[in-house]
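A short worksheet on the structure shown next.
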Amino acid sequence: TPTSEETMLGGISSIASCGTTSQLAFSSRQLNSLIDVYDYPSMEKSFSLDGGAKLDFADITFNSSGTLIASISKQPDYQLSVFDTKTKKIICSAKLPEPCSTISFNPLKDDQLCTMGEKGLFMWSLKETQEGKKLTSVKLKIKALDEEEDEDSGGEHDPEEEEDFE
């Protein structure tokens, strides 16, 4: 039975799947929300991940090998967290610069993530430092077409103004 602090707010807030490990991850809308990971197709609970959201997750995702799960939380914390599925612990986290609704790993590089919100895209790098793993981000600038501008720019762009993300 849930305690008063863990009372269900109702429903599932996010879901993710991993084809490599045949696992599904769900997060319920509740205070101090958990990410529950199940084996598929048996739907036996494999483990739970604690932390990363005080109230609710906006999105969760596996990396391509299933060794990491990343999450973004909604208000009040707006946080990006990366969990190690072997240790079942958060290996690093960072405050989101803006509220975001979607997260994904680069399918070719487990140390790169992308978050998206109403105001833009953020590319994240997971770096090893002396203090442990750390997340750093770069906001990608997406120039919307102005109604007064010609819609065909001829493909010209200034490479000096671009952010490089490898």
Side-chain angles (χ1 to χ4, degrees), residues 12-21 23-27 29 32-37 49-166:
I12 293 173
S13 63
S14 53
I15 185 170
S17 65
C18 180
T20 305
T21 61
Q23 290 181 316
L24 295 172
F26 302 91
S27 64
R29 293 191 66 222
N32 301 314
S33 189
L34 301 173
I35 298 171
D36 293 318
V37 179
L49 301 171
D50 188 16
K54 291 178 185 170
L55 182 59
D56 201 4
F57 288 101
D59 197 17
I60 56 177
T61 188
F62 283 93
N63 67 344
S64 59
S65 63
T67 58
L68 301 173
I69 293 177
S71 68
I72 50 177
S73 62
K74 294 180 182 179
Q75 65 181 356
D77 35 9
Y78 297 112
Q79 180 173 293
L80 167 84
S81 300
V82 179
F83 296 85
D84 182 316
T85 59
K86 288 184 177 110
T87 64
K88 286 114 179 123
K89 302 280 184 208
I90 295 175
I91 57 172
C92 63
S93 60
K95 182 98 171 123
L96 292 168
E98 298 171 5
C100 293
S101 58
T102 306
I103 187 168
S104 65
F105 276 97
N106 179 338
L108 303 176
K109 289 187 169 192
D110 288 343
D111 62 348
Q112 294 178 345
L113 298 102
C114 178
T115 58
M116 181 187 73
E118 283 185 27
K119 297 182 180 179
L121 284 166
F122 294 88
M123 300 303 291
W124 295 83
S125 292
L126 185 59
K127 306 253 183 201
E128 189 70 47
T129 67
Q130 289 179 337
E131 294 82 35
K133 296 199 184 287
K134 181 180 177 185
L135 285 162
T136 57
S137 70
V138 173
K139 184 174 183 177
L140 298 179
K141 296 178 182 172
I142 302 171
K143 297 178 183 178
L145 293 174
D146 189 356
E147 292 176 359
E148 296 173 7
E149 290 181 350
D150 180 12
E151 288 191 27
D152 182 12
S153 65
E156 297 176 318
H157 65 281
D158 185 358
E160 297 292 332
E161 292 182 13
E162 293 181 351
E163 296 281 350
D164 235 4
F165 191 78
E166 299 179 42

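Counting only distance, with no hydrogens or angles, the side chain of N63 and the backbone of F105 share no donor-acceptor pair below 3.5 Å. Using modelled atom types, one side-chain atom of S13 and one backbone atom of F57 make a donor-acceptor pair closer than 3.5 Å. Looking only at distances, a side-chain donor or acceptor of T20 sits under 3.5 Å from a matching main-chain atom of S64. Checking side-chain atoms of K95 against main-chain N and O of D77 turns up a donor-acceptor pair under 3.5 Å.
For the atom pair CZ (F26) and OG (S33), the distance works out to 13.0 Å, reported to the nearest 0.5 Å. Considering CG of N32 and NZ of K54, their distance stands at 9.5 Å, rounded to 0.5 Å. Taken to the nearest 0.5 Å, the CG atom of L113 stands 9.0 Å off from the CH2 atom of W124. For the atom pair CZ of R29 and CG of L55, the computed distance is 7.0 Å after rounding to the nearest 0.5 Å. In this structure, CG on N106 lies 6.5 Å from CE on M123, to the nearest 0.5 angstrom. Atom CD1 in I90 sits 11.5 Å away from atom CG in D84 (nearest 0.5 Å).
Counting heavy atoms from C-beta on, the side chains of K133 and V82 never come closer than 4.5 Å.
Enclosure of atom CD in Q75 is not indicated, since only 12 or fewer non-hydrogen atoms of other residues, nucleotides or ligands lie within 6.0 angstrom. E118 CD: 12 or fewer foreign heavy atoms inside a 6.0 Å radius.
Heavy-atom minimum distance, I35 versus S71: CD1-CB, 4.0 Å. Closest approach of G51 and F83 over heavy atoms only: O-CZ, 3.3 Å. Shown here for F122 and C100, the closest heavy-atom pair between the two residues is CD1-SG, 4.2 Å. The minimum heavy-atom distance between L80 and I103, with the atom names listed, is CD1-CD1, 2.9 Å. Residues L126 and C92 come closest through the heavy atom pair CD1-SG, 2.9 Å. When all heavy atoms are compared, the tightest approach of S65 to T21 is O-CG2, 3.6 Å.
Under the side chain to side chain contact (heavy atoms under 4.5 Å, CB included) test applied with V37, the options T85, L24, I69 reduce to a single match, I69.
Between the side chains of S14 and S27, at least one donor-acceptor pair of N or O atoms lies under 3.5 Å.
A salt bridge links D56 with K74; the closest basic N to acidic carboxylate O contact falls under 4.0 Å.
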